[in-house]
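Notes follow once the structure below has been shown.
This structure is a prediction, so every number in the text was calculated from the model and none was measured. Every chain is numbered from 1 and lettered A, B, ... according to where its sequence line falls, protein lines coming before strand lines.
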Amino acid sequence: MTDVSDDYDPNVSSRLQFLREQISLLFKSQMRYSAEVLIIAFRFFAISASVYRRLRSTVLSLPHVSYLKRLSSVFSLSGELNDSSHCEYLKQKAGLLQPHERHVILLLDEIYVAPKTSFKGGCLSGMAANSPLEQASTVQTFMLCSLLSPNKDVAAMVPVKNLTAAYLRDCTQRVIRMLESAGYLVFCLISDNNRVNRNMFTEMCGGSLRPYVQHPCSADRKLFFLFDSVHLLKCVRNNWLGQCDSENTFLFPDMNTDNVLKASFSHLRKLYESEKDSLVKTAPGLSSRVLYPSNIERQNVKSVLKVFDEKTIAGLQLFGAQNKVDVTGTGKFLEIVLRLWKILNVKSTGKGLHKRDSDSDPIRSVDAINVGYLEQVHQWLIKWDSLNQKVRHGRLSNETMFALKHTVATFIELIAFLFTDIGVSYVLTGKFQTDCLEFRFSQYRQSSGANYNVSVQELKESEKKLKIVSMLHVMSAAKGKISLKDFLLKSSTSEDVEDRDDASAEIDSGISAFLPALATCDDIELTVSETQSLQYSLQAMWATKLFANCRVICVEVNWCVTKHCSTT
Amino acid sequence: VCDKTLQYDLSSVDFTYLSDLDRGGLRWPTDFLLEVVTQVFLVFRVIVSKDYEVQFLTCNNQKSVLQQLATERLIDCGTTVGECTCGTTMHKLANMTMSYIINICLNNYCKQAADKNNVSKQSKSLRKLSTLCK
């Protein structure tokens, strides 16, 4: 596996190398920077241009901003579905990966953006792709995440308004085709439990959602559909809080017997109330924010994990025994969900060893105990669903129940597929989450000036920076020391020339559609105010040197002269 | 100079805007420039009309599209024939002018879109307020 992470984590020798170069640069009249310094410089610049300028002017010897900007001009603002330069970028990147690293998961999510149209670099951006006359309110983002390497990239960004399942399906299919043509092998789609996403999955399955379907680009391959386990965990907690009765009670079947148990959220509240004033607590995770979350606080995953926590379960058992309250059902429910979460959230091979917890071990065979537990949970969910309870009367909502059942069932199939078809030696279930896409969104917001409500233009600009950082890193990891000149030349020859040809061909074909419109120009009459505004707009040009030699043709006299003459 | 400028009647409504803004530094454009600007504006008006707006917005580089269309239009009108005394072709002069005007037009289009969005927001809040009056 090539170590190509986008996260910068230098070792001691590279730090020392950087410092040595900085010291040698101090005494040089002509600055020449190594490739490593350029990569580090661009990383700083991508995070914050102002901090970079400050660092450069005060303590470090780094390249000039204009040089870095030249670097960034290699790529255009891109990410849309019909963008040939972006396809070329993905193709180049796929070419640098090992064959086994090209198995990718496609993550889908949408980011809310400020509805704003902006004009920059000759392009209007901010209009919705599904409704070009309206401003986009969200950007549907597709991210590819390599299964056997840390490589990840945004595959497409589609500004949309009022997204429908049919349009999303169309976009997803186009993205899959684009990635397959670039050399990637998409085998799984993951999204949150949104109704539009679910409907899109259902449409792709031909009417009823199944764990996998035949791959649209290859008949002998499978395409799996998953819902994000993190979102599902939040949904379970939210459903629990939303139960109608005063104690917020779930009525669920026991996993091993046919008994129906009660899990009350109020037990946790009582536990919290009993020890909120003590300095030492049996359930230190519980707090007012965790137990009475506002709508915004409900988005926080950490607060959910405080509920489904081992200490909370142990504290609850103790509280039950001391106060003679029956908390068996609540404890069991917490245990079931917690164990499921632990199994679905393994992101490193050493987690189980480190925590001394077999639930957090990576799955090493199809017959592993953890896979058996997933099967048990699936059966348990089916049993719970068959109780036919009313909505919000002791049960999960239809959406959450369906998504949870589907995800657990798909995981079982997916694990078998990974061992048999791809031939992995172990499975890290935490790879199958949309965390890296959410992290990408936070990077967009951070690089747009720590602004939550970013615009489409800002999103594209941030993505461009991240793309360059990623490309530089992959190139330096895969090819050893990179020559920046080679990279720039290669990009400008192979990409730019082709792009320019493509772009001009595209513009030419675009213009032919508008040519009949030119004939209708004669029918338009300009108003007096329009004519005067146009005349005034020309004044801005006099200041430039463009017309320095042609003033006889372009400018007759000063206005003051005409004004003077007319009045005299 | 005086003979030439007297043909413009600055007291008419057509020039009040410019004469009000003038503090002695404004220049009078030639018919050539005015024609270029007018034709570019006409093309822009047609392109953002109902029939072509969607198509125009789905283009990748709107400025290039407009620039090429305006060039076509100017060639049809015969505006860009000949050259300046310095040797610069009228076509080149027209292209330089176009860039400015297209930027202004597209920039104003963005502002218009933002205003529309604001108006729809206001009408939304008005609708909500009106429910309280019932």
Would you mind checking which part of Glu134(A) comes under 4.5 Å of any heavy atom in chain B, side chain (CB onward), backbone (N, CA, C, O), both or neither? neither
Minimum-distance pair of heavy atoms, taken over all atoms of Pro132(A) and Leu57(B): O-CD1, 3.1 Å
Look at the aromatic rings of Phe514(A) and Phe56(B) and report parallel, tilted or perpendicular, splitting at 30° and 60°. perpendicular
Do you know which of Gln62(B), Glu72(B), Lys111(B), Lys116(B) has the most heavy-atom pairs with chain A at a distance under 4.5 angstrom? Gln62(B)
Correct closest heavy-atom pair for Asn61(B) and Gly122(A) would be OD1-O, 2.8 Å
Supply the atom-to-atom distance Ile47(B) CD1 to Cys521(A) SG, rounded to the nearest 0.5 angstrom. 7.5 Å
Turns out that what part of Asp51(B) lies under 4.5 Å from chain A's heavy atoms comes down to neither
Testing the basics here: between Arg45(B) and Glu525(A), what is the closest heavy-atom pair and its distance to 0.1 Å? NH2-O, 4.3 Å
If contact means a heavy atom pair closer than 4.5 Å, which residues of residues 35-43 of chain B contact chain A? Val37(B), Thr38(B), Phe41(B), Leu42(B), Val43(B)
Could you tell me whether Asn162(A) atom CG has more than 12 heavy atoms of other residues or ligands within 6.0 Å of it? no
For the CG atom of Leu534(A) and the CG atom of Leu33(B), what is their distance to the nearest 0.5 Å? 12.0 Å
Measuring heavy-atom distances to chain B, does Asp522(A) have an atom under 4.5 Å in its side chain, in its backbone, in both, or in neither? both
Where on Leu526(A) is there a heavy atom nearer than 4.5 Å to chain B: the side chain, the backbone, both, or neither? side chain
Nearest heavy-atom neighbours spanning Leu518(A) and Arg73(B): O-NH1, 3.3 Å
So, the part of Leu66(B) with a heavy atom under 4.5 Å from chain A: the answer is neither
Around atom NZ of Lys116(A), are there more than 12 heavy atoms from other residues, nucleotides or ligands closer than 6.0 Å? no
Nearest heavy atoms of Asn107(B) and Phe119(A), plus distance in Å: N-CD2, 4.1 Å
Look up atom CG in Leu124(A) and atom SG in Cys59(B), then write down how far apart they are to the nearest 0.5 Å. 10.0 Å
Count the heavy-atom pairs under 4.5 Å between each of Ser533(A), Ser118(A), Ala517(A), Ser131(A) and chain B, then report the option with the highest count. Ala517(A)
What closest approach, in Å, do Ala513(A) and Gln55(B) show between heavy atoms, and which atom pair accounts for it? CB-NE2, 3.0 Å
